[in-house]
*Asks:* 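Take this structure first; my questions come after.
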Amino acid sequence: MLLLGRAQKFFRTRSDARNIDSDQARLRPVAEAIESAIKIAEAERIGLNRRLEDALARAAVTFGNGTDEYLERDAADNKLQDLLSTDIKNGERRLIELETQIGHLKFLHTAMTTRFPGLKLTPSGLP
């Protein structure tokens, strides 16, 4: 009996509510960082997509619509066409990279919410 009384003085566990609060405080920043990264990458993708569409439209205008247009095109138009072509290729490559990155981040988000079902997050609008 004496040992039981002494043991209760030296060792006590936290309440379940305090454990839940500690878990939330530890996990929430990770989940919020993932959500933030997804939103930032999606915003970049949307902006890049708009700029890419604009570049494609400008390239179509400088390209012309005649079958022999490339024979009579001004040197300045050729240079602009080359620049736009390079920008379009780079933009398309970056869009693919962003899509891959967003997919990976969404996977992490899903893993977070399924591995820690008690994690309470603010509504983010993420699927």
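All heavy atoms count here, side chains included; hydrogens, waters and symmetry mates do not.
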*Asks:* Looking at every heavy atom in both Glu35 and His109, which two are closest together, and how far apart are they?
*Replies:*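 So the minimum-distance heavy-atom pair works out to OE2-NE2, 3.1 Å.
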
*Asks:* Compare every heavy atom of Ala25 with every heavy atom of Pro29, then report the nearest pair and how far apart it is.
*Replies:*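 Closest heavy-atom pair between Pro29 and Ala25: CD-O, 3.1 Å.
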
*Asks:* Once you round to the nearest 0.5 Å, how far does CD of Gln24 lie from CG of Asn19?
*Replies:*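 Going from CD on Gln24 over to CG on Asn19, the span is 12.0 Å.
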
*Asks:* Does a salt bridge link Asp54 with Arg51, judged by any charged N lying under 4.0 Å from a carboxylate O?
*Replies:*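 Looking at Arg51 together with Asp54, the answer is no, because their closest N to O distance does not fall below 4.0 Å.
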
*Asks:* For Gln101 and Ala41, work out which heavy atoms get closest and say how close.
*Replies:*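 Here Gln101 and Ala41 meet closest at OE1-CB, 4.0 Å.
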
*Asks:* Please report the interatomic distance CZ(Arg28) to CG(Asp21), rounded to the nearest 0.5 Å.
*Replies:*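 Between Arg28 CZ and Asp21 CG, I get 8.5 Å after rounding to 0.5 Å.
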
*Asks:* How many angstroms lie between CG in Leu83 and CD1 in Ile88, if you round to the nearest 0.5 Å?
*Replies:*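 If I round to the nearest 0.5 Å, the distance is 11.0 Å.
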
*Asks:* Does a side-chain heavy-atom distance below 4.5 Å link Asp23 with Arg26?
*Replies:*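 Asp23 reaches Arg26 side chain to side chain.
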
*Asks:* Which value, rounded to the nearest 0.5 Å, describes the distance between Leu56 atom CG and Asp87 atom CG?
*Replies:*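 Answer rounded to 0.5 Å: 10.5 Å.
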
*Asks:* Taking all heavy atoms of Leu48 and all of Gly91, pick out the closest pair and write down the distance.
*Replies:*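 Looking at all heavy atoms of both residues, the shortest contact is CD2-O, 3.6 Å.
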
*Asks:* Under a single-linkage definition using a 4.5 Å side-chain heavy-atom cutoff for Ile, Leu, Val, Met, Phe, Trp and Tyr, are Ile102 and Leu52 assigned to the same hydrophobic cluster?
*Replies:*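 The answer is no; the residues belong to distinct hydrophobic clusters.
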
*Asks:* Is any side-chain heavy atom of Thr113 closer than 4.5 Å to one of Leu119?
*Replies:*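 No, too far: nothing below the 4.5 Å cut-off.
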
*Asks:* Between the main-chain N or O of Ile96 and the side-chain N or O of Thr100, is there a donor-acceptor pair closer than 3.5 Å?
*Replies:*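 Between the backbone of Ile96 and the side chain of Thr100 there is a qualifying donor-acceptor contact (under 3.5 Å).
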
*Asks:* Got more than 12 heavy atoms from elsewhere within 6.0 Å of CZ, Arg115?
*Replies:*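 Not more than 12 within 6.0 Å, no.
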
*Asks:* Do Val30 and Leu105 sit in the same hydrophobic cluster, where Ile, Leu, Val, Met, Phe, Trp and Tyr count as joined when their side-chain heavy atoms come under 4.5 Å apart?
*Replies:*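 Linked, Val30 and Leu105 end up in one cluster.
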
*Asks:* So how far is it from Glu44 CD to Leu98 CG, rounded to the nearest 0.5 Å?
*Replies:*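 CG of Leu98 is found 4.5 Å from CD of Glu44.
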
*Asks:* Below 4.5 Å, heavy atoms only, C-beta onward: do Glu42 and Lys106 meet side chain to side chain?
*Replies:*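 Counting from C-beta outward, Glu42 and Lys106 do come under 4.5 Å.
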
*Asks:* Evaluate whether atom CZ of Arg14 has more than 12 neighbouring non-hydrogen atoms of other residues, nucleotides or ligands under 6.0 angstrom away.
*Replies:*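 For Arg14, atom CZ is crowded (more than 12 foreign heavy atoms under 6.0 Å).
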
*Asks:* Nearest 0.5 angstrom please: Arg45 CZ to Arg94 CZ, how far?
*Replies:*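 Between Arg45 CZ and Arg94 CZ, I get 12.0 Å after rounding to 0.5 Å.
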
